[in-house]
Amino acid sequence: MRVLNPVVDRSTYRRWAYLILGGALSVPYLIFASIAIPSVSPFAATVGMAALVGGLAALLVMASTSFLPAVRVLEGTAVRELLDDPAPGASFGRAENWPVRLRSSAMFLLHVVSGSVFSFLSLVLPVLFGLSLAGPFTGRIAIASEEGIPVPRGWAGVWIPALFLLSVIGLVYAVSAAGALLSRAAAVLLGISAADRIAQLEKRTEQLAERNRLARELHDSVGHALSVVTIQAGAARRTLRRDPDFTERALEAIEDSARSALEDLDHVLGLLREEKAGKAPQAGLTELPGLLEATRLAGVPVTAEVTGEPAEVPAVVSREAYRILQECLTNVLRHAGKVPVGVHVAIGGERLDLLVRNPAGAPVASRGTGGRGVRGMAERVEVLRGEFSAGRNGEHWEVVVGLPWGAGK
């Protein structure tokens, strides 16, 4: 069965199509050569010399056109679709440097030259086999002249169509072998280098890191806003008739939270669409009183102790610390309910320490699966090379964060 693999394997016929395409691409250059040969015949000593000069001129034109970006796209598409993509990850647009252009040109020349040879054989051998079938019966094969070529009659001439049949079968194996060689050549000539592959992986890593960062921003800002809106909307519905003042404050909190979340969402969507984003929302520790007040309006009693000056914290540390505190308070709303929360912020010595503590009672019903918030906080702390822990401490749930910066980092 291994002997028959090239005959039954689909890749053989895709490679054959690739070679036939190369033969089709060779037609304009062959026409050019047929025009060039008579033009140089008067200046050549022999017909063979004229043919050689004309062929070289056609190859020169072929090599020149191989540098066109459209030719590179065509060759890359043919290789990817018909040779089973031997150069994964390679791009076939405009080449950025001459080594890439030269390798692409070499691949195109190999394709066209080999394709012209195999296209010719694909046309000639089956026809010769068909004509040779009549030889043992008529005593001649109708090629080369009107009389044809005389051959032995009867069993003495059977070997002639058998030979052509073997030639056709051998062509299938030759196509399979040539396609395999061209596939290896494409891997070498069109494949990206190790340095380019590393650059691609680094770029992809940066993109994934940026998307993870944006996902954390959406989770923390929009998630917190929706939690506050949900709690406040429920409170406003219950107190609409008996406490209009509280209802008004709840609706104001909903409005503020929704507006802030909309700004964050608009910024993040602009980045995802690779649009020119406007000024990014810069929530930081200086906005902590507003965050605490919104949480209190949601019905969570929050006590806060802040030592040091929040304005002295670097912007990136201040922003990440704000998001961590925001996520902590969101988790309390989602998973613990309206329980007392203590927030401690200590700033000094080029270091920021955060502590958020709340009673670890029975969890309230939650529609979300959870888990992303703690992981997101840990990722934020890891980026800043800080310390992070979250878990039960006695009867309380505690989140402890240390974020150094400057020389003490």
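All of these numbers come straight from a predicted model, not from anything done at the bench. Only heavy atoms go into these numbers, but all of them, side chains included; no hydrogens, no water, no symmetry mates.
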Walk me through it: do Phe108 and Arg72 pass the test side-chain contact (heavy atoms from CB on, under 4.5 Å)?
CA-CA 8 Å; Phe108 179 74; Arg72 175 174 166 81; over 6 Å; no

Apply side-chain contact (heavy atoms from CB on, under 4.5 Å) to Thr295 and Val341, showing your working.
CA-CA 10 Å; Thr295 307; Val341 182; over 6 Å; no

Verdict with supporting geometry, Arg319 and Val316, side-chain contact (heavy atoms from CB on, under 4.5 Å):
CA-CA 5 Å; Arg319 182 176 65 249; Val316 63; 3.6 Å; yes

Evaluate side-chain contact (heavy atoms from CB on, under 4.5 Å) for Leu285 paired with Leu325, printing each intermediate quantity in order.
CA-CA 9 Å; Leu285 289 177; Leu325 292 173; 4.0 Å; yes

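The side-chain contact (heavy atoms from CB on, under 4.5 Å) with His344 is formed by just one residue from the set Leu354, Thr307, Val356, Leu355; it is Leu355.
Scanning all heavy atoms of the two residues, the minimum distance from Gly402 to Asp353 falls at CA-OD1, 3.6 Å. Of all the heavy atoms in Ala185 and Leu110, the pair that sits closest is CB-CD1, 4.2 Å. Listed here is the closest heavy atom pair of Leu291 and Tyr322: CB-OH, 3.8 Å. Minimum interatomic distance between Gly386 and Pro404 (heavy atoms only, all atoms of both residues): CA-CD, 3.9 Å. The shortest heavy-atom contact between Met107 and Leu182 is CE-O, 3.6 Å. For the residue pair Ala186 and Pro86, the shortest heavy atom distance occurs at CB-CG, 3.6 Å.
Atom CG of Leu19 sits about 7.5 Å away from atom OG of Ser122, to the nearest 0.5 Å. A distance of 11.0 Å separates CZ in Phe120 from CG in Leu30, rounded to the nearest 0.5 Å. In this structure, CG on Leu131 lies 13.5 Å from CZ on Arg140, to the nearest 0.5 angstrom. The distance from atom CG of Leu128 to atom CG of Leu123, rounded to the nearest 0.5 Å, is 11.0 Å. Within the model, atoms CG of Leu403 and CD of Glu320 stand 8.5 Å from one another, a figure rounded to the nearest 0.5 Å. For the atom pair OG of Ser318 and CZ of Arg323, the computed distance is 11.0 Å after rounding to the nearest 0.5 Å.
Side-chain contact between Asp9 and Ser176 is absent, with no heavy atoms from C-beta onward closer than 4.5 Å. Looking at heavy atoms from C-beta onward, Glu327 lies out of side-chain contact with Ile324 at the 4.5 angstrom threshold. Using a 4.5 Å heavy-atom threshold, the side chains of Glu75 and Ser66 count as separate. Looking only at side-chain heavy atoms (C-beta outward), Leu171 and Trp16 come within less than 4.5 Å of each other. By the 4.5 Å heavy-atom criterion applied to side chains, Val306 and Leu288 are counted as neighbours. The side-chain heavy atoms of Asn331 and Val399, taken from C-beta on, include no pair separated by under 4.5 Å. Between Arg15 and Leu83, the closest side-chain pair of non-hydrogen atoms falls below 4.5 Å. Side chains of Phe92 and Leu74 form no contact here, defined as non-hydrogen atoms less than 4.5 Å apart.
With respect to Glu293 and Arg296, a salt bridge is recorded, a charged nitrogen being found less than 4.0 Å from a carboxylate O.
Under a cut-off of 6.0 angstrom, the local environment of OH in Tyr173 is crowded, with over 12 non-hydrogen atoms contributed by other residues, nucleotides or ligands. At most 12 non-hydrogen atoms from other residues, nucleotides or ligands lie less than 6.0 angstrom from CD of Glu382. Counting non-hydrogen atoms of neighbouring residues, nucleotides and ligands closer than 6.0 angstrom, the CZ atom of Arg14 exceeds 12 such neighbours.
Ring geometry for Tyr18 against His111 counts as parallel: the plane angle stays under 30°, on a 0 to 90° scale with 60° as the upper cut.
Contacts of Leu68 classified as side chain to side chain contact (heavy atoms under 4.5 Å, CB included), with partners at least two apart in sequence or in another chain: Thr65, Val71.
Between the side chain of Arg351 and the backbone N or O of Trp405, no donor-acceptor pair lies under 3.5 Å. No donor-acceptor pair under 3.5 Å is formed between the side chain of Arg357 and the backbone N or O of Gly342. A donor-acceptor pair under 3.5 Å links the side-chain atoms of Ser34 to the main chain of Ile31, judged by distance alone. Formation of a donor-acceptor pair under 3.5 Å by the Thr12 side chain with backbone atoms of Val7 is not found in this model. Between the side chain of Ser183 and the backbone N or O of Gly179, no donor-acceptor pair lies under 3.5 Å. Checking side-chain atoms of Arg392 against main-chain N and O of Trp397 turns up no donor-acceptor pair under 3.5 Å. Checked by atom type and distance alone, the side chain of Ser26 pairs as donor or acceptor with a backbone atom of Gly23 at under 3.5 Å.
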